[in-house]
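Heads up: the structure comes next, in C-alpha cells.
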Amino acid sequence: MKSLIDVKNVRKIYRMGEEKVVALDNVSITIERGEIVCLIGTSGSGKSTFLNMLAGLEKPTKGEILIGGIPIHTLNEEKITLFRQKNIGFIFQAYHLLPMLTASENVSLPLVFRGTDKKTRDAMATEALESVGLIGYEKRKPSQMSGGQQQRVGIARALVGKPKIIFADEPTGNLDSATSKEVLELMTKMVKADNQTLIIVTHDRSVASYADRIVTIKDGNILSIEERRPEENEK
Amino acid sequence: MNSQDLIGLALRNLVRRKTRTLLAVTGVIVGTCAIVVMLSIGFGMSASFQEQIESYGNLHLVNVMSSGGGNMVGAGMEEEGKFSTLNDKAIKAIEAIDGVEAVSPKIEEYLTFGVGKYIAQASVIGLRPEVMEKFNYKIQDGRLLKKTDKYEVVFGNQVPFWFYNPKKTMYAGGGDKPQVDVLTDELVMTGDYEYGQKKTSAVTDSNTIKYKLYEAEGVGVLDNPDDESAYYVYMNIETLQKIANENKKARGEAVGRDNNYNQAMVYVGDIEDVSTVSDTIRDMGLQTNSLNDWLESMKEQARMIEGVLGGIGAVSLLVAALGITNTMVMSIYERTKEIGIMKVIGANLPDIKRLFLMEAGMIGFLGGFAGVLISLLLSLLMNTVLLETMNMFLGSMGGGGSVISVIPWWVAAGALAFATAIGVIAGFSPANRAMKLSALESLRNE
Ligand SMILES: Nc1ncnc2c1ncn2[C@@H]1O[C@H](COP(=O)(O)OP(=O)(O)OP(=O)(O)O)[C@@H](O)[C@H]1O
Ligand SMILES: [Mg+2]
C-alpha cells in the first residue's frame with residue numbers, strides 16, 4: 001500500500017491574547033490508502049484540531065501535511081475548498097444536516113456543489129440512502145428523524161461522492177451504544193467496500209475495535225500507535 | 001453548482017424566512033412603485049403636452065421661410081448647398097433630405113368668396129395640389145386637390161360657416177349648418193375685399209380698382225375641426241400665384257419674380273426626425289419653424305420634471321436597498337452554521353457568494369415585479385377614476401389631457417432591472433462576508 005497522508009512535525013498553537021495554547025505539539029504520522037485509523041484521547045488532547053488540520057479546515061503553525069503528495073497546508077482557501085469537494089467526506093458529531101432540505105437533498109448537496117446534473121445526482125443519492133438503510137426516508141426533513149437516522153443521512157452524504165478520505169469527528173458521540181454500534185459497523189463496512197480511507201475521532205475505546213490502527217493522543221502528542229491485523233477486523 | 005440549483009436553493013431559503021423576505025420585498029415594492037408612478041406622471045404630462053400641441057396643428061409639418069435679403073445675391077453667387085431664397089432648386093434640395101416625405105412651396109393670399117348673395121373672406125393657401133395627400137390632409141366631404149386642379153378649392157372645416165349675406169347682417173352668425181353648400185353651389189372668388197357688400201359713397205379701393213372675378217369650384221371640405229388648417233382654403237399654387245399677380249397688377253404694384261417663394265411646407269414622416277430635418281434646412285441658410293420646436297422645449301421641461309420625480313422615487317428604492325442589505329446580514333447571522341456546513345462538505349467559495357447574491361437579487365426582482373404590476377394598476381386607476389373626478393371638478397380647465405399617467409414598456413422593464421440590480425448590489429457586502437466566514441468557526445456557531 002502507498003501512503004496517502006503524510007504528516008510531518010505538525011505543531012498548532014492557538015493564541016488568545018497573551019496566552020498561548022499548544023493544541024498540537026509535534027505530530028508526525030503516515031496513513032495509507034484504505035486504512036481505518038482511530039484517534040483516541042482525553043478531552044482537550046488535540047484530536048479535533050488534528051483532524052481539522054488534515055481536512056484543511058485549519059492551518060498548522062509549523063510542519064507539513066501532504067495528501068496524495070499535495071501540500072494542503074500551502075493551498076489558499078479557494079483551492080482547499082475545491083480539494084475538499086473532490087477528495088474529502090466529513091461526518092460530524094452533531095450530524096449537521098441542513099434543516100430546510102430533505103434527507104435525499106442533504107445527501108446530494110455535495111454533488112450539487114460539484115455541478116452534477118440532477119438525474120445522476122438523484123440516482124446517486126438514492127443509492128447512498130439505500131446503502132445506509134434509509135429507503136422510504138428520502139422526503140423526510142432532519143427534524144423528522146431520530147439521531148441515528150440523521151447520522152446515517154450524514155454518512156450517506158459523506159460517502160455519496162465517493163471521496164478518497166472520510167473524516168469523522170465523534171460520529172457516535174450523540175448516539176446510544178446500540179445505535180453507535182450499528183452506525184460504526186455501517187461506516188466501516190462501506191468504507192472497506194470502496195477502499196476508502198477513514199479517520200475517526202472518539203473517546204470511546206470500543207470504537208477502536210473497528211480500526212486498523214489506533215492512535216492515542218495526549219497533550220498534543222502521539223502517545224502510542226497500536227497496530228491491529230486486518231483479519232482481526234473481519235466479523 | 002449550476003444556476004438551476006442555485007436558484008432552487010436561494011428560493012427555498014427565501015421561502016423559509018417568509019416574514020423577513022416579505023418585509024424586504026415590500027420595501028422594494030414601495031420603492032419601485034414610487035419610481036414608476038412618479039415617472040409615469042412625468043410621461044403623462046409630456047403626453048398631454050403633445051396631445052395639446054397636436055390639436056393646434058400638424059406636428060409633422062415644418063414651415064420654411066427664406067431668410068430675406070435674397071434679392072441681393074445673384075443666383076450664381078450662391079454658396080454650394082446654401083440658399084438665400086426659396087426657389088425650385090431649394091425645394092428640390094429640401095426634398096432630398098432624409099425623412100422628408102413631401103415639400104411644397106406655399107403662398108398665401110387673402111380672397112373673398114361669393115355664393116350668390118353670400119360671401120366669406122378667407123386666407124387661401126396655394127400649394128402643389130399633388131402633395132396634399134402626402135401632407136396627411138384628411139377629407140370630410142368631396143376630395144383633396146389633384147394635379148389637374150386649377151380653380152378648384154378645398155375648404156378648411158370652419159370656412160363654410162363664415163358665409164353670410166352682408167346686405168342683411170354684419171357678420172356670419174354662428175349656426176349649426178353653413179348657409180351655403182360650398183361643394184354644389186356656384187362659387188366665385190376675387191381679390192376685392194368689398195365684393196358683394198353695399199356700395200358706399202366714399203371713394204374706396206374697389207371703386208377705383210377693377211379686380212378680376214374668378215369662377216371657382218369647391219371640391220372638398222377638410223376633416224379637421226380643431227387645428228389651424230380648419231381656417232384656410234387650399235388651392236393650386238400656380239393658379240393662386242396668377243391670381244395674386246393679377247391682383248397686384250390691378251392695384252398697380254410690381255410683380256415679383258416667378259418661382260421665388262416666401263414660404264414652403266415640409267412634411268416629415270416621423271415626428272422624431274422633425275428637429276434634425278429642421279436643423280438641416282437651417283444649415284441651408286433658410287429659416288424654419290414648426291410646432292415641434294415648441295413641443296421640444298415643452299418636452300425638455302417635462303424631462304426635467306420626470307428627472308425630479310424619478311429621483312424622488314429612486315431615493316425610496318435606495319432605502320429599500322438598505323432593507324435588503326439588512327435582511328441579508330441578519331440572514332447570515334442566522335445561517336452561519338449552515339454556511340460552515342456547506343463549506344466543509346464542498347461548496348466553493350464563489351458558490352456561497354453567488355447563493356447570497358442570488359437571494360438578494362431575487363428579493364429585488366420579486367419586489368420589482370410586484371412593484372411594476374402594482375404601478376400598472378395604480379396608473380390605470382389614475383387614468384380612469386382620478387381623471388374622471390379631476391375633470392368633474394376642473395371641467396375643461398383640467399388641462400385637456402386624456403391621461404395622467406403613462407408607463408412606457410421600457411420604464412416597466414427598466415424598473416424591474418433596476419430593482420434587481422439594487423438587490424444584487426445590496427447583497428454584495430453580506431455575500432462577501434458569508435464567503436469569508438471561517439468554515440470551522442461557523443460550524444461551532446450555534
Ligand atoms: N479555536 C481555538 N482557540 C483556542 N484554543 C483552542 C481552539 N480550538 C481548540 N483549542 C484548544 O486546543 C486544545 C485541543 O482542542 P481539541 O478540540 O483538538 O480537543 P479534542 O481532543 O478534540 O477534545 P474533545 O474530545 O473534547 O473534542 C484544547 O485545549 C482547546 O482548548
Ligand atoms: Mg473534539
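Excluded from the calculations below are hydrogen atoms, water molecules and symmetry mates; all remaining heavy atoms, backbone and side chain alike, are included. Chain naming here is simple, since letters A, B, ... match the order of the sequence lines and numbering starts at 1 in each.
Against chain A, the residues from residues 344-366 of chain B that qualify, each with a non-hydrogen atom under 4.5 angstrom away, are B:V344, B:I345, B:G346, B:A347, B:N348, B:L349, B:P350, B:D351 in number order.
Open room surrounds CD on B:Q4; 12 or fewer heavy atoms of other groups in view lie less than 6.0 Å from it. No more than 12 heavy atoms of other residues, nucleotides or ligands lie within 6.0 Å of CD in A:E127, so this atom counts as exposed by the packing criterion. Within a 6.0 Å sphere centred on CG of B:D270, heavy atoms belonging to other residues, nucleotides or ligands number more than 12. In this structure, B:F428 places its CZ atom where only 12 or fewer heavy-atom neighbours from other residues, nucleotides or ligands lie under 6.0 Å away. A:K59 NZ: more than 12 foreign heavy atoms inside a 6.0 Å radius. Counting heavy-atom neighbours within 6.0 Å of B:R433 CZ, excluding the residue itself, gives a total of 12 or less. Crowding of B:Y333 atom OH: a count of heavy atoms from other residues, nucleotides or ligands under 6.0 Å not exceeding 12.
Interface remark: A:F167 contributes no atoms to any contact with chain B (heavy atom separation under 4.5 Å). Residue contact with chain B, scored on non-hydrogen atoms closer than 4.5 Å, is absent for A:P163.
Most heavy-atom pairs under 4.5 Å with chain A, from the set B:D5, B:N2, B:L6: that is B:D5. Interface check for chain B: of the options A:I80, A:V112, A:T116, the most heavy-atom pairs under 4.5 Å are formed by A:V112.
For A:K118, the side chain to side chain contact (heavy atoms under 4.5 Å, CB included) partners are A:R121, A:D122, not counting sequence neighbours. Shown here are the side chain to side chain donor-acceptor pair (under 3.5 Å) partners of A:E105, two or more places apart in sequence or in another chain: A:T102, B:R12.
With rounding to the nearest 0.5 Å, the separation of CG in A:L109 from CE in B:M342 is 7.0 Å. The distance from the CE atom of B:M435 to the CD atom of A:E77 is 9.0 Å, given to the nearest 0.5 Å. Taking CG from B:L440 and CG from A:L57, the interatomic distance works out to 5.5 Å, rounded to the nearest 0.5 Å. How far NZ of B:K337 is from CG of A:L98: 10.0 Å, rounded to the nearest 0.5 Å.
Shortest non-hydrogen contact noted between B:L9 and A:M100 is CD1-CE, 4.3 Å.
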Taking distance alone, no hydrogens or angles, what donor-acceptor pairs closer than 3.5 Å link side-chain atoms of residues 319-332 of chain B to residues at least two apart or in another chain?
from   : atom 1 : to     : atom 2 : distance (Å)
B:T325 : OG1    : B:A321 : O      : 3.1
B:T325 : OG1    : B:A426 : O      : 3.1
B:T327 : OG1    : B:G323 : O      : 2.8
B:S331 : OG     : B:R335 : NH1    : 2.7

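You'll find the side chain of A:L97 stays beyond 4.5 Å of the side chain of B:E338, heavy atoms only. For the pair B:S438 and A:E58, the minimum side-chain heavy-atom distance is 4.5 Å or more. For the pair A:F92 and B:L443, the minimum side-chain heavy-atom distance is below 4.5 Å.
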